[in-house]
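Residues take their numbers from the sequence shown, with the count starting at 1.
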Amino acid sequence: NDTASADHFSRWRNMNHEMAIPGSQILFSFLGDPQSSYYEALPLEDVQVAVMKQLRRQFPDIEVPDPIDIYISRHGYDRTRYGAFIVSRSKWTGDYERAFDEPV
């Protein structure tokens, strides 16, 4: 699994947007299997290295600083989770979807 050349983290969500969580400074990515299980099994430090390598490769003209913190859910390895589920707010519209895709 070559994180330097794979587009595992190909879609980023700008959670700092005014229609999401303004002021949060959160950048969010979804992963599905088999990539999610691969990264869930890694130590957090290795996940951060992979994420930053991918971000910097995707945005070569921007100086991307290291994060102050990182989080990855471990749904695939947590027996109490029963997997991962998508939940959307009621009245979710395409406007919210487009807002998440705006540049950070």
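Heavy atoms only, all atoms of each residue included: Y39 and V47 are closest at O-CG2, 3.4 Å. Closest of all the heavy-atom pairs between M15 and A20 is O-CB, 3.4 Å.
Ion pairing of D66 with R56 is present here, as a side-chain N (NZ or NE/NH1/NH2) and a carboxylate O approach within less than 4.0 Å.
Between I26 and N14, every side-chain heavy-atom pair lies at or beyond the 4.5 Å cut-off. Looking at F59 and W12, their side chains come closer than 4.5 Å, going by heavy atoms from C-beta outward. Between S29 and Q54, the closest side-chain pair of non-hydrogen atoms is not below 4.5 Å.
With hydrogens and angles ignored, the 3.5 Å screen pairs no side-chain donor or acceptor of N16 with any backbone N or O of P22. Using a distance-only test at 3.5 Å, with no hydrogens or angles considered, a donor-acceptor pair links the side chain of R74 to the main chain of E40. S37 contributes no side-chain N or O that, together with a main-chain N or O of P34, makes up a donor-acceptor pair within less than 3.5 Å.
Distance CD/Q48 to CG/D69: 8.5 Å, rounded to 0.5 Å. Taking CG from L55 and CG from L27, the interatomic distance works out to 5.5 Å, rounded to the nearest 0.5 Å.
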